[in-house]
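Reviewing the structure listed below.
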Amino acid sequence: MEQASEKKFPHNAEDYELYEEVGEGVSATVYRALCVPLNEIVAIKVLDLEKCNNDLDGIRREVQTMILIDHPNLLRAHCSFATGHNLWVVMPYVAGGSCLHIIKSAYPEGFEEPVIATLLREVLKALVYLHAHGHIHRDVKAGNILVDSNGAVKLADFGVAACMYDTGDRQRSRNTFVGTPCWMAPEVMQQVHGYDFKADIWSFGITALELAHGHAPFSKYPPMKVLLMTLQNAPPGLDYERDKKFSRSFREIVAACLVKDPKKRPTSEKLLKNSFFKHARSKEYLARTMLGGLSPLGERFKMLKVKEADILVQNKAMYEDKEQLSQQEYIRGISAWNFNLEDLKNQAALIPDDLILNSEETSVSGRHADGQDDGSPVVGMYLERTNHSKAASQSEDELSDIHNLESSLAAFPMKPLEALKTCFDFSEDDIGGGADSEQQSQQQSFTSCVDQEAAMYAGGDSGRVGSISHSGIAGHRNFSSGQLIPDNVLSPKRFMGDGDREYLQPRHLRERNYSGPLQYRPKKDFSSSIAGEDASQGAVVERKGRFKVTSADMSAKGPINFFSPISGGSTNSRMASSAASSFLQSLRFILQQNTKQREELLKMIKFVEETSGNSAELTEASMFDLSQVRISLILHSATLNQFQNVRVGSLVEEVQRVKTKNVQLERRLNSMPRQDDRTRE
Ligand SMILES: Nc1ncnc2c1ncn2[C@@H]1O[C@H](COP(=O)(O)OP(=O)(O)OP(=O)(O)O)[C@@H](O)[C@H]1O
């Protein structure tokens, strides 16, 4: 057990002086602080319970896990308590900060192999411990690997950790989306059979790439696109050419972790024995190499925030309001992306119809070759979008992009509309299931926090120089999370006065997304229908560099390819469809522009349908294709987040209606005498 945790850390906010901010996540802000009675520097994670009320169960779990775990490579909390509408988690201060911060401040191209091996070995030790004790971390990433001033490595953030031995609701919650998309294993995304500790091994492999390159694969894309790419593309890995500087054993260990079939991934225990770790060095080496020359964490954090704010301003000038929320999420660090409903809706609106299969290759070579990528995911993303629009005249590329997007959608474990519908099917019982008896009994076994109720605060400012004012919290109770975080703590409105809101408020006034990890549950009836759609299970039919196209991509289950010839069509109808296709091709380009043009397009389709009436078989063919474009448009509209205007239900009906019309048109078309036959007659 860590020495610090043997001490009695007080449960009163007044006993702590909050200093500078040293970190920020989706759900919390972390401060360096002084524990006055013990005269010890600590870190305090401040979670705003008001803003986290979607994920109280997750918070309970995080605190429980942080207090119960006991391993030198895991960050153990000293104690936690509620104050006002905040939950404070007191933990050891890890002066080097997270690997993500260190990368952003000083190693944008990633670390050298011995550093990576040393970091990963320590993380693996933590995972071996967690897995052996029945825990899945579920959020392994550079942002959660902390390095102390002496080079000790601590895996942190149990906000999404789960217990493998849970039963009932908590077990079922492993069938939910939790984690950060870039690091998320395919089986976690698929939500089909649930997942186990092997999900951490996938994230571990992604983290290895993040440490090697300075960013995770796909990190510049919005979450929805990351989902599609993770499911559709071959797993990312170290490249023979691009990553020449790394050893073969490093390439191999990454490849072993990033296998889509979780059963084929090694256990953490087995990984730890891998020859790659012969490259690992001592803690002192890590401290010297990684932290030497770095300014104190608080200063670095401030500088990073200024830099990020600048990028945000630049992008604001270039891109208007709709994308702002997403951009903020990008800028705050990809690592800070936990999936949530609002993110999903906003990120979905950003899916460009551009390269999916080869995009990561493009982005990486861009990053290394032209040096234009400043490490900002936002800038990177928009550079690529601009470049892509320049290339729009190359129609072949455009066509293949469309096919790529659509086959990616096919590989997504649900049809796009269903996928989006499911995302909006927010599971209530995931949120409310926190007070089950099992948890309560676990909570009663907590050792580090004793009191259930702490004394009332004395009013007024503590007056401590350099600390954050405690004013405004007078008259409100503290609750120790050593017992179950009491229900009333988790319903902040019940005990909150207006004064509470002022406390720490300026730091929380920023526009942020607070809901923490997404916990969506797929509808039960979907799970059976989606089981067979994993692209990773299809036979490889085509390879593009490191990427593969599987038979699943080419299957009839895929979305309608409105550029393909009409089934059973004659030469004439093929000509007709080709004429229609060239028209549709232009339409398709317009489709990519914006919502307004999309609406125009729908009007045009309507016009063509109405004016062509009953006139000729050419019209029939065109109408068939046109209605397919309409379906595609509807799907895209849904995907591109037109939910403000159109209800999902009505979209589904519309798709059904147009599909029925298609079938009728196709029948009529097939039963008509073909023009060349009639000419012969
Ligand atoms: N004990 C600590 N000592 C020093 N820095 C810390 C400590 N704990 C967290 N941090 C810093 O604060 C950042 C945010 O903390 P944390 O990851 O716990 O918040 P979060 O809201 O759970 O984040 P996310 O869910 O985005 O991973 C970390 O990335 C790290 O840089």
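Small disclaimer: the values here were computed from a predicted structure and weren't measured.
A donor-acceptor pair under 3.5 Å links the side-chain atoms of N150 to the main chain of A152, judged by distance alone. With hydrogens and angles disregarded, no donor-acceptor distance shorter than 3.5 Å links the side chain of N86 to the backbone of W88. Counting only distance, with no hydrogens or angles, the side chain of E20 and the backbone of Y31 share no donor-acceptor pair below 3.5 Å. A distance-only check finds a donor-acceptor pair linking the side chain of R300 to the backbone of G96 [under 3.5 Å]. The backbone N or O of N144 sits nowhere less than 3.5 Å from a side-chain atom of D139 that would complete a donor-acceptor pair. In this structure, the side chain of S219 does not engage the main chain of H215 through any donor-acceptor pair within 3.5 Å. Although no hydrogens or angles enter the test, the distance criterion places a donor-acceptor pair under 3.5 Å between the side chain of S203 and the main chain of W183. Under the 3.5 Å distance criterion, the side-chain polar atoms of T118 are matched with a main-chain donor or acceptor of R281.
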- prompt: Going through the checks in order, is the side-chain contact (heavy atoms from CB on, under 4.5 Å) test met by F111 and I103?
  reply: CA-CA 8 Å; F111 297 117; I103 285 173; 3.5 Å; yes
message: side-chain contact (heavy atoms from CB on, under 4.5 Å) for L34 and Y16? Distances and angles first, verdict last.
response: CA-CA 5 Å; L34 175 70; Y16 298 90; over 6 Å; no
- request: Evaluate the criterion side-chain contact (heavy atoms from CB on, under 4.5 Å) for residue pair S105 and M303; output intermediate values, then yes/no.
  value: CA-CA 8 Å; S105 323; M303 272 157 52; over 6 Å; no
message: Working note: V90 + F81, criterion side-chain contact (heavy atoms from CB on, under 4.5 Å); need CA distance, chi angles, decisive distance, verdict.
response: CA-CA 8 Å; V90 182; F81 52 88; 3.9 Å; yes
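Within the 4.5 Å cutoff, the side chain of L258 has heavy atoms near those of the P236 side chain. Counting only heavy atoms from C-beta outward, the side chains of L119 and L286 approach each other to under 4.5 Å. Considering only heavy atoms from C-beta on, Y129 stays 4.5 Å or farther from H135 through its side chain. Side chains of F218 and N233 form a contact here, defined as non-hydrogen atoms less than 4.5 Å apart. Under the 4.5 Å side-chain criterion, counting only non-hydrogen atoms from C-beta, P186 is in contact with W202. Residues V46 and V30 have side chains not in contact (no heavy-atom distance under 4.5 Å, counting atoms from C-beta outward). Residues C99 and L211 form a side-chain contact, since some pair of their non-hydrogen atoms from C-beta on lies under 4.5 Å apart. Between Y221 and L228, the closest side-chain pair of non-hydrogen atoms is not below 4.5 Å.
Within the model, atoms NE2 of H71 and CG of L127 stand 10.0 Å from one another, a figure rounded to the nearest 0.5 Å. Atom OH of Y240 sits about 13.5 Å away from atom NZ of K244, to the nearest 0.5 Å. To the nearest 0.5 Å, atom CZ of residue R242 and atom NZ of residue K245 are 11.0 Å apart. Rounding to the nearest 0.5 Å gives a distance of 11.5 Å between CD1 of I116 and OG1 of T207. Y93 contributes atom OH, which lies 16.0 Å from atom SG of C35 (distance to the nearest 0.5 angstrom). Expressed to the nearest 0.5 Å, how far CG of N274 lies from CZ of R121 amounts to 13.0 Å.
For E113, the CD atom sits in a packed shell: over 12 heavy atoms of surrounding residues, nucleotides or ligands are nearer than 6.0 Å. Surrounding OH of Y285 are more than 12 heavy atoms belonging to other residues, nucleotides or ligands, all under 6.0 Å away.
Nearest heavy-atom pair across A142 and S98 is O-CB, 3.9 Å. Of all non-hydrogen atoms in Y19 and I41, the two that sit nearest each other are CE1-CD1, 4.0 Å. S268 and I201 get closest at one heavy-atom pair: N-CD1, 3.7 Å. Scanning both residues, V94 and D148, for their nearest heavy atoms gives CG1-N, 3.4 Å. Closest heavy-atom contact between A156 and L146: CB-CD1, 3.8 Å. Closest approach of A77 and M91 over heavy atoms only: CA-CB, 4.1 Å.
In this structure, F276 and F250 have parallel ring planes: the angle between them is below the 30° cut-off, well short of the 60° mark. The aromatic rings of H78 and F9 lie parallel to each other, their planes meeting at an angle below 30°, with 60° marking the opposite boundary.
If you run side chain to side chain contact (heavy atoms under 4.5 Å, CB included) between C257 and each of L209, L120, L271, I206, only L271 comes through. Of the candidates K283, K154, M290, M290 is the only one forming a side chain to side chain contact (heavy atoms under 4.5 Å, CB included) with V147.
A salt bridge links R265 with E187: at least one charged nitrogen is closer than 4.0 Å to a carboxylate oxygen. Residues R248 and E252 are paired through a salt bridge, judged by an N-O separation under 4.0 Å between the basic side chain and the carboxylate. A salt bridge does not link E21 to R32: none of the charged nitrogens lies less than 4.0 Å from a carboxylate oxygen. Between E122 and K125 there is a salt bridge, since at least one side-chain N of the basic residue sits less than 4.0 Å from a carboxylate O of the acidic one. With respect to the salt-bridge test (charged N to carboxylate O, under 4.0 angstrom), the residues D200 and K198 do not qualify.
Side-chain contact check for H213 and D243: at least one donor-acceptor pair (N or O, by modelled atom type) lies under 3.5 Å.
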